4 protein chains.
Amino acid sequence: MVRDASRVETFSDGVFAVVLTVMAVELLQNGPARDPGQALPDALVQAWPAYLAYVITFGIAGQIWLGHHNMWRYVVRVDQVLVMVNLLVLLFVAAIPFTADLLSDNLRGNEAEQRLTAALYLGTVLGESFFFNVSWWWARRHHLLHPDLDPRLAAAVSRRLVVRPLLYTVAFAFVFVDPILSLLLYLLLLVGLSLVRRPGDLPRAAEVAGQVSGRDR
Amino acid sequence: MVRDASRVETFSDGVFAVVLTVMAVELLQNGPARDPGQALPDALVQAWPAYLAYVITFGIAGQIWLGHHNMWRYVVRVDQVLVMVNLLVLLFVAAIPFTADLLSDNLRGNEAEQRLTAALYLGTVLGESFFFNVSWWWARRHHLLHPDLDPRLAAAVSRRLVVRPLLYTVAFAFVFVDPILSLLLYLLLLVGLSLVRRPGDLPRAAEVAGQVSGRDR
Amino acid sequence: MVRDASRVETFSDGVFAVVLTVMAVELLQNGPARDPGQALPDALVQAWPAYLAYVITFGIAGQIWLGHHNMWRYVVRVDQVLVMVNLLVLLFVAAIPFTADLLSDNLRGNEAEQRLTAALYLGTVLGESFFFNVSWWWARRHHLLHPDLDPRLAAAVSRRLVVRPLLYTVAFAFVFVDPILSLLLYLLLLVGLSLVRRPGDLPRAAEVAGQVSGRDR
Amino acid sequence: MVRDASRVETFSDGVFAVVLTVMAVELLQNGPARDPGQALPDALVQAWPAYLAYVITFGIAGQIWLGHHNMWRYVVRVDQVLVMVNLLVLLFVAAIPFTADLLSDNLRGNEAEQRLTAALYLGTVLGESFFFNVSWWWARRHHLLHPDLDPRLAAAVSRRLVVRPLLYTVAFAFVFVDPILSLLLYLLLLVGLSLVRRPGDLPRAAEVAGQVSGRDR
């Protein structure tokens, strides 16, 4: 049955890999070289929202992949519902490049456009983190996790997972102040969240080293 | 020899992953931001068939992936014919985004256009489910399945697999009444089919839990 | 070391999966719905070379994947050169959609255009099959294959692999008679080559069944 | 824990596979057939920078994949930081098609355009090789490598990895002489670097053969 979880991972990895590179394809196809009347440096500078969208999408999708990777390490079997909820997670993940691009295209628009696109973007990320929470909750509730997983650790992971949508809402609130500030705050939260040590994370290098040297003794 | 089945899965997963995300790329590239004279909310609302096509394609391809996943769990070795029939399944799967997009583009066209594109779309899905049935039938007939698989279960799976093309034909009939109604019915059937318990599905969570607790005793 | 061959396979599978679906993306983006003045059926009929290119590319890339799959079953370790030759194979594989599309676009052009694009297409396929032959020859010569592989079988595979570029040249010759006839002949050769039993193929279902029933006794 | 490293590989392989084929998609979509007034041979000849960009991107990304493959063979476990640094490597890898395309588009531009795009391209490759060095350094420092790995070999690999960014800088210097010469030099370095024997490479075929025959005795 372990094979099942492994195939869900392979499949999800494929979706993540395409999502991460889709923005690069977009850069490639809407490159600034197409406007011959304009000087190249100006064209490149003018396209900065596209680069920002690329980096942010990469950061966000990379972060989600990392969370997905961390969670699925504990999953030893899957049922129909877990696979479907995972598909819903991927549905929102795959929509991130679209909403991120929409957002970056409208960063210099009027306030209504900025708010609308930011709301769409955030809706995508919230949808993803909502169904991600559901998938963890379902896997935990239906005994699909590794039997040796400490229930207290599982509970701590549950609490931690709820934090992410909440923080996204904070970033969302800042959209109404300044959308670019909000995006930078977002990026900061992403990097911050992945550096802060939390239960359920991959073990710290020091511990692993300790285990290894412990094993050597 | 198990490795063979596993590589066919990896390869198929790659195709499924690209198909699932292709519609998102399409959203990205035909984003409504390109029409500068139009207000953004109007542009977004006007593009609703593209979103519908995205969600439906994701649903359909996800459902097919799930069926593929369920079937290939039982396959322990492959022969030349099974691999080629699987390629034919993938040929139709990879065409789904194209016909779904064509359909969604013509939802507001005249009746002849709606019927033509719905027929093309359904042809794609029928082709996929036809060759999927062939692949199961071939694997079963040529002893490529796991030797411990209960023959009655295999027969039940065969009967169940035949149901899908039939239901697709029902959805097709509704196209002549109202194509949008037909698409919604389609989506409903997809969700319904994957929630209803059928032989050959991944085991229900409760059973798995029972097995786990049984093993613990 | 087996892991190395396995990662080369995963990576190659990714390239094959994208190549197979790239033509579907092309269909999607150059859909006939973009020409509003034209009736939909006419537009669809007029786009037939694109569908032909899709089916042929799928057939060709699927066939190459099958050969790749068959060969790499025997490879148990890799060295630097084998990996690089495999990259060259993939370089030509990834170019197939481009040359196939170019060919299909010029099927109704003048004779010079037909010949030029057919030559480019064939150059791609010949390049692929040449480097594929090199990769098999290298793996065989440098003892990278499974030690239990019968040397006579390996020699037979070598002879068989040389047949493919020769048959491609036959199909090429027909381009000067009629390019469409040539493409159909091509497709026929592809299907024919994969149905004919040859050494090094995946075992026939009957034999596998024999082995299974033999094992059961 | 081995599974973790393996999933990072699968995911990275997906990104590499898309990057390698993205340029082929670009060829497909900007095919020379779209300019009906022009003769096909002229159109094909005129598009040579796109073919050069395709081959170079394939070569560069293939080379990076090879280095990635070589390094990750030694990694037996991962921590949060290693995964994130690997994501940064992939961020730059995924940007290579964009900057390579930008470079090839401006090869016939004025000197300022050539320098700017060459600088961007080199920035991408330097960024990739910088973070690749960081990931190796981190894995080595935090005992994430295979415990049996000879420390002297690990040190030699470290020294070798530093060479690549330095050589890239040499190629960069030639951009100010002649960008096309620089690209050819680049390609030469790529091929040269992967043929020269270095510590940490996959073992030479002869040695493997020696081991095999040694094992047979």
Side-chain angles (χ1 to χ4, degrees), chain A residues 2 6 9-10 12-34 36 39-41 43-44 50-51 54-55 58-59 61-63 65-66 68-70 72-73 191 194-198 201-213 215-216, chain D residues 1 3-4 6-19 21-23 25-26 29-30 53 76-84 86-88 90-106 109-110 112-114 116-117 120 138-139 141-145 147:
Chain A
V2 172
S6 139
E9 284 185 343
T10 309
S12 306
D13 278 356
V15 173
F16 277 110
V18 177
V19 167
L20 280 176
T21 40
V22 147
M23 293 303 279
V25 178
E26 178 72 6
L27 282 180
L28 186 61
Q29 290 181 345
N30 297 328
R34 290 190 182 169
L40 183 65
L44 283 172
Y51 313 139
Y54 172 59
V55 171
F58 211 98
Q63 165 88 359
W65 176 79
L66 201 54
H68 197 265
H69 174 78
N70 280 345
W72 280 84
R73 279 185 313 149
V191 174
S194 43
L195 290 180
V196 168
R197 189 71 207 295
R198 287 152 305 167
D201 273 356
L202 294 169
R204 222 183 231 158
E207 291 171 47
V208 172
Q211 286 166 11
V212 166
S213 56
R215 203 183 300 150
D216 287 350
Chain D
M1 278 286 204
R3 203 170 69 85
D4 280 341
S6 139
R7 193 174 166 194
V8 174
E9 284 185 345
T10 308
F11 171 67
S12 307
D13 278 356
V15 174
F16 277 110
V18 178
V19 167
T21 40
V22 146
M23 294 303 280
V25 178
E26 178 71 7
Q29 290 181 345
N30 297 329
V76 286
R77 57 187 82 75
V78 295
D79 66 359
Q80 202 82 347
V81 177
L82 184 62
V83 170
M84 289 201 66
N86 188 54
L87 275 174
L88 284 170
L90 296 178
L91 174 79
F92 283 97
V93 167
I96 288 177
F98 169 61
T99 51
D101 190 57
L102 206 60
L103 180 59
S104 83
D105 275 356
N106 290 282
N110 61 42
E113 287 169 358
Q114 290 178 351
L116 176 62
T117 51
L120 282 173
W138 181 268
R141 181 127 194 280
H142 290 79
H143 307 274
L144 305 174
L145 302 176

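All figures in this text were calculated on a predicted structure; none of them were measured in a lab.
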Closest heavy-atom pair, A:Ala17 versus D:Gly14, reported as atoms and distance to 0.1 Å, is CB-C, 3.5 Å
Most contact-rich option vs chain A, by heavy-atom pairs under 4.5 angstrom, among D:Leu88, D:Leu91, D:Val15, is D:Leu91
**Request:** State, with a plain yes or no, whether a side-chain heavy atom of D:Thr10 is found less than 4.5 Å away from one of A:Glu9.
**Result:** no
Smallest heavy-atom separation, A:Leu20 atom then D:Leu87 atom, equals CD1-CD2, 4.3 Å
Closest heavy-atom pair, D:Ala94 versus A:Tyr54, reported as atoms and distance to 0.1 Å, is CB-OH, 3.2 Å
| Flag side-chain contact, heavy atom, 4.5 Å: D:Leu90 against A:Phe58 | yes
So A:Leu66 and D:Gln80, do their side chains get closer than 4.5 Å, heavy atoms only? yes
Self-check item: Whether D:Phe11 and A:Trp65 hold their rings parallel, tilted or perpendicular, with breakpoints at 30° and 60°
Solution: parallel
